[in-house]
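This report refers to the structure that appears directly beneath it.
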Amino acid sequence: MNLVTTVLLISLLLSIILATISFWLPQMNPDMEKLSPYECGVDPLGSARLPFSLRFFLVAILFLLFDLEIALLLPLPWGTQLENPTNTFLMATAILILLTLGLVYEWIQGGLEWAE
């Protein structure tokens, strides 16, 4: 057998074995908490209009902002293979400086303080 057939056979066999194990391994013991629509332990019969913390919202927005920074910097290693990688590094540095200044501003304004 050639290498491609061997790799395909091994991956198929491994997939079948793992799927079989994952089907038979878990214990199925349903109880009232597992059968409820919300498994997190929150009572679903309460009011859905509870006050929402604005601090939590701000921290979530900051997380998304810095998570997008990583997505913008992912193509950076391929920028070294361009004819002129200086422009790529200047743009990446500009993004990092802008986000660092934003983080410093949020820190100074107290946006990162969880408790007052």
Side-chain angles (χ1 to χ4, degrees):
M1 282 197 286
N2 61 7
L3 183 63
V4 175
T5 309
T6 306
V7 169
L8 286 175
L9 185 65
I10 290 174
S11 62
L12 180 69
L13 189 63
L14 186 62
S15 300
I16 290 172
I17 290 171
L18 289 176
T20 305
I21 289 173
S22 69
F23 180 73
W24 293 107
L25 190 62
Q27 298 175 355
M28 300 292 183
N29 296 328
D31 55 355
M32 289 304 293
E33 291 178 0
K34 287 289 187 182
L35 294 176
S36 71
Y38 302 102
E39 294 182 13
C40 62
V42 175
D43 184 21
L45 301 176
S47 175
R49 304 287 182 227
L50 295 175
F52 190 71
S53 173
L54 187 61
R55 295 267 182 202
F56 181 76
F57 180 72
L58 287 175
V59 170
I61 292 295
L62 284 173
F63 172 76
L64 287 176
L65 177 72
F66 287 101
D67 194 37
L68 284 177
E69 168 200 354
I70 293 171
L72 289 174
L73 294 176
L74 274 177
L76 187 60
W78 288 279
T80 60
Q81 298 174 1
L82 297 174
E83 292 178 14
N84 189 6
T86 309
N87 292 337
T88 306
F89 290 125
L90 286 177
M91 291 296 184
T93 305
I95 289 172
L96 287 175
I97 289 173
L98 183 65
L99 287 172
T100 304
L101 290 176
L103 180 65
V104 168
Y105 177 76
E106 284 290 326
W107 196 338
I108 290 172
Q109 293 295 320
L112 302 177
E113 300 289 330
W114 188 256
E116 295 179 14

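What you see is a predicted model, and the numbers here were worked out from it, not measured in a lab. For reference, positions follow the sequence shown, starting with 1.
- Using a 4.5 Å heavy-atom threshold, the side chains of Val7 and Val4 count as separate.
- Each of Met91 and Leu98 belongs to its own hydrophobic cluster when Ile, Leu, Val, Met, Phe, Trp and Tyr are linked at side-chain heavy-atom distances under 4.5 angstrom.
- The minimum heavy-atom distance linking Ser11 with Ser15 is given by the pair O-OG, 2.8 Å.
- Taken to the nearest 0.5 Å, the CG atom of Leu8 stands 9.0 Å off from the CG atom of Asn2.
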Before giving the answer on side-chain contact (heavy atoms from CB on, under 4.5 Å), spell out for Leu14 and Leu18 the whole-Å C-alpha distance, their side-chain angles and the decisive distance to 0.1 Å. CA-CA 6 Å; Leu14 186 62; Leu18 289 176; 4.1 Å; yes

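- Tested against Leu99, the residues Ile97, Leu103, Leu96, Ile95 include a single side chain to side chain contact (heavy atoms under 4.5 Å, CB included) partner, Ile95.
- Residue Thr20 holds its OG1 atom at 11.5 Å from CG of Leu25, rounded to the nearest 0.5 Å.
- The CD atom of Glu106 sits 9.0 Å away from atom CG of Leu65, with the distance rounded to the nearest 0.5 Å.
- Side-chain contact check for Asn84 versus Asn87: some heavy-atom pair is nearer than 4.5 Å.
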